[in-house]
Engineer: 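Take this structure first; my questions come after.
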Amino acid sequence: LPGAGASFVELSVSSAGLRAKALALLRKSASGKASPGLDLIALALKGKTQGFEKIIKMIDEMVETLKKEQTGDDQKKEYCDAQFDESDD
């Protein structure tokens, strides 16, 4: 355990710094891909009056959309695999 003379150092991170870091990550992940959802999030990050609440909500909505699309893709793949198996017979 720390001694009585030890103190905690509080680190503060500015919201502008967080926005810049998040924007850099978005740009890196997009790297040449056209994505309206990512563009909208990047636009919101550039705005100075918006909080992260709306951005987090948009990200959550995008994740849900991607999950639904993945479920549909998985079902199509199963169907295609079954059709290929039938045509092989």
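Small disclaimer: the values here were computed from a predicted structure and weren't measured. All values below were derived from every heavy atom in this structure, side-chain atoms included, with hydrogens, water molecules and symmetry-related copies excluded. For reference, positions follow the sequence shown, starting with 1.
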Engineer: Looking at residues at least two apart in the chain, or sitting in another chain, which of them share a side chain to side chain donor-acceptor pair (under 3.5 Å) with Gln70?
Structural biologist: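 With neighbours one apart ignored, the set is Asp74.
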Engineer: Would you kindly confirm whether Phe84 and Tyr79 end up in one hydrophobic cluster when ILVMFWY residues are joined by side chain heavy atoms under 4.5 Å apart?
Structural biologist: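 Phe84 does not cluster with Tyr79.
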Engineer: List the residues meeting side chain to side chain contact (heavy atoms under 4.5 Å, CB included) with Gln75, not counting sequence neighbours, and say none if there are none.
Structural biologist: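 Result, side chain to side chain contact (heavy atoms under 4.5 Å, CB included) vs Gln75: Thr71.
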Engineer: Partners of Lys77 by side chain to side chain donor-acceptor pair (under 3.5 Å), sequence neighbours excluded?
Structural biologist: Asp81
Engineer: Applying salt bridge (charged side-chain N to carboxylate O under 4.0 Å, His left out), can you list everything that pairs with Lys68, at least two apart in sequence or on another chain?
Structural biologist: none
Engineer: Identify, with sequence neighbours excluded, every residue that meets side chain to side chain contact (heavy atoms under 4.5 Å, CB included) alongside Glu69.
Structural biologist: Thr65, Leu66
